[in-house]
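One-based numbering, in listed order, for ligands and for the atoms of each.
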Amino acid sequence: MKTVLYIDCCIRKELSRTRRLAEAFLDRLSQRQDYTIETICLMEEPLSLLSGDFFFQRERLLDEHRLNHPRFRYAHHFQQADRIVIAAPFWDLSYPALLKVYFENVCVDGITFGTAQNQLVGLCRAERMLYLTTRGGNYEGSPSEMGVRSLEALCQFWDIPHLDVVAADGLDLGLEPPEAILGRPIQQAAALAEKF
Ligand SMILES: Cc1cc2nc3c(=O)[nH]c(=O)nc-3n(C[C@H](O)[C@H](O)[C@H](O)COP(=O)(O)O)c2cc1C
């Protein structure tokens, strides 16, 4: 049995269109017998910024090689997952800061990445990541779209070889009803669950 870690950063919760993409994917995935889905809802986690005492505690623990400290649980959980699914809306040309704070807690030297022969090496088990997002404007393939680009770089950093992206664009432009726009990515997400 493989584990999928589902990271829910859909800050508007039940109002979120991004969460609808995630639900389409996870509903289909849960029909398969080969995956256990573990969900982490970032809006309900006591996540701290790397600042002040919380930052310096991390430095001390790393110096003392105390990687079993409870504050590193997010990093261990992430490192051990066979697949990662992230759902987050497009905010200010990227994803919400809440997801970045989570990544700061996940990126721990010796857990999710390390060094070998003076080179950075990723230590994550996952072979695939899926990023689900929805955007108010049209940003597909735009160099201003920093969410996908950031995740591409992070996947390299963590040594996750494959990133899938399912996105809905133009939801707030008023050119087409959001329901019509969402139809295609919802289908795409559900189809992807068959071969994920
Ligand atoms: C704080 C905030 C920042 C946003 N920034 C952008 C942006 O930079 N570009 C854009 O096209 N849409 C932006 N939007 C619109 C959202 O991307 C869009 O409404 C999206 O579908 C919201 O996803 P959700 O329904 O899952 O919350 C922003 C919305 C909010 C609330």
Side-chain angles (χ1 to χ4, degrees), residues 4-31 35 37-51 74 77-78 81 83-107 126 128-158 160 162-194 196:
V4 174
L5 175 60
Y6 166 47
I7 300 155
D8 177 0
C9 185
C10 297
I11 294 182
R12 295 195 312 129
K13 297 187 170 180
E14 55 282 347
L15 297 176
S16 166
R17 284 91 61 108
T18 313
R19 199 183 259 183
R20 288 186 47 201
L21 302 188
E23 282 166 357
F25 177 82
L26 295 168
D27 282 354
R28 187 67 66 89
L29 193 78
S30 63
Q31 289 164 21
Y35 279 117
I37 300 168
E38 296 172 0
T39 299
I40 176 164
C41 178
L42 299 189
M43 293 74 79
E44 286 162 19
E45 291 296 319
L47 284 163
S48 300
L49 293 161
L50 284 190
S51 177
Y74 295 111
H77 196 185
F78 190 93
R83 300 283 188 274
I84 309 272
V85 176
I86 298 175
F90 188 59
W91 277 16
D92 305 320
L93 306 182
S94 183
Y95 40 72
L98 182 60
L99 185 57
K100 175 73 168 98
V101 173
Y102 171 74
F103 289 156
E104 283 183 353
N105 282 269
V106 158
C107 293
R128 286 180 88 141
M129 176 182 282
L130 167 62
Y131 178 45
L132 300 148
T133 192
T134 65
R135 309 180 185 116
N138 276 324
Y139 284 88
E140 178 88 50
S142 160
S144 307
E145 208 288 359
M146 303 304 285
V148 173
R149 289 171 68 191
S150 164
L151 283 170
E152 282 169 352
L154 283 166
C155 279
Q156 277 196 355
F157 179 50
W158 291 317
I160 299 175
H162 192 88
L163 174 68
D164 292 291
V165 178
V166 175
D169 266 306
L171 283 171
D172 298 334
L173 294 177
L175 300 173
E176 232 187 313
E179 286 309 312
I181 296 173
L182 283 169
R184 202 166 60 93
I186 282 177
Q187 276 185 2
Q188 231 183 312
L192 188 61
E194 304 287 348
F196 196 59

For Arg12, does its backbone N or O pair with a side-chain atom of Ser16 as donor and acceptor, under 3.5 Å? no
| task | Assert yes or no for the condition that the ring centre distance of Tyr6 to Phe25 is strictly below 6.0 Å. | result | no
Quiz: residues 96-105 side-chain donor-acceptor pairs under 3.5 angstrom, not counting sequence neighbours:
| residue | atom | partner | partner atom | Å |
| --- | --- | --- | --- | --- |
| Glu104 | OE1 | Leu50 | N | 3.4 |
| Asn105 | ND2 | Ser48 | O | 3.2 |
| Asn105 | ND2 | Val101 | O | 2.8 |

Please list, one pair per line, the donor and acceptor atoms closer than 3.5 Å that link side chains of residues 171-184 to other protein atoms, with sequence neighbours excluded.
| residue | atom | partner | partner atom | Å |
| --- | --- | --- | --- | --- |
| Asp172 | OD1 | Arg17 | NH2 | 2.8 |
| Glu179 | OE1 | Arg20 | NH2 | 3.1 |
| Glu179 | OE2 | Arg20 | NH1 | 2.9 |

Closest to atom 5 (N) of ligand 1 among protein heavy atoms sits Asp92 N, 2.9 Å
Is it the case that more than 12 heavy atoms not belonging to Gln156 sit under 6.0 Å from its CD atom? no
Hey, does Pro89 come in under 3.5 Å of ligand 1, counting only N/O atoms on both sides? no
shortest atom 17 (O) of ligand 1-to-protein heavy-atom contact is with Phe90 O, 2.6 Å
For atom 11 (O) of ligand 1, the closest protein heavy atom turns out to be Gly137 N, 2.7 Å
Counting from 1 in the order shown, the ligand 1 atoms closer than 4.0 Å to a non-hydrogen atom of Thr18 are 23 (O), 24 (P), 26 (O)
The atoms of ligand 1 lying under 4.0 Å from a heavy atom of Ser16, numbered in the order shown, are 24 (P), 25 (O), 26 (O)
shortest atom 20 (C) of ligand 1-to-protein heavy-atom contact is with Thr134 OG1, 3.4 Å
- Can the ring centres of Tyr95 and Phe90 be said to be less than 6.0 Å apart? no
Note: ligand 1 atoms sitting under 4.0 Å from heavy atoms of Arg135 are 17 (O), 18 (C)
If you scan protein heavy atoms around atom 27 (O) of ligand 1, the nearest is Arg12 NE, 2.9 Å
min-distance protein heavy atom vs atom 12 (N) of ligand 1 -> Gly136 N, 3.3 Å
Looking only at heavy atoms, the pair that brings Pro185 and Leu21 closest together is CB-CD2, 3.8 Å
for atom 30 (C) of ligand 1, nearest protein heavy atom and its distance come out as Trp91 NE1, 3.4 Å
(request) Give yes if a backbone or side-chain nitrogen or oxygen of Arg17 is under 3.5 Å from a nitrogen or oxygen of ligand 1, and no if not. (result) yes
Short version for Leu171: what comes under 4.0 Å of ligand 1, heavy atoms counted, is side chain
Shortest non-hydrogen pair, Asn138 vs Gly170, comes out as OD1-N, 3.7 Å
All heavy atoms of Val148 vs all of Arg135, minimum pair found to be CG2-NH2, 3.7 Å
So for Asp172 against ligand 1, with non-hydrogen atoms under 4.0 Å, the contacting part is side chain
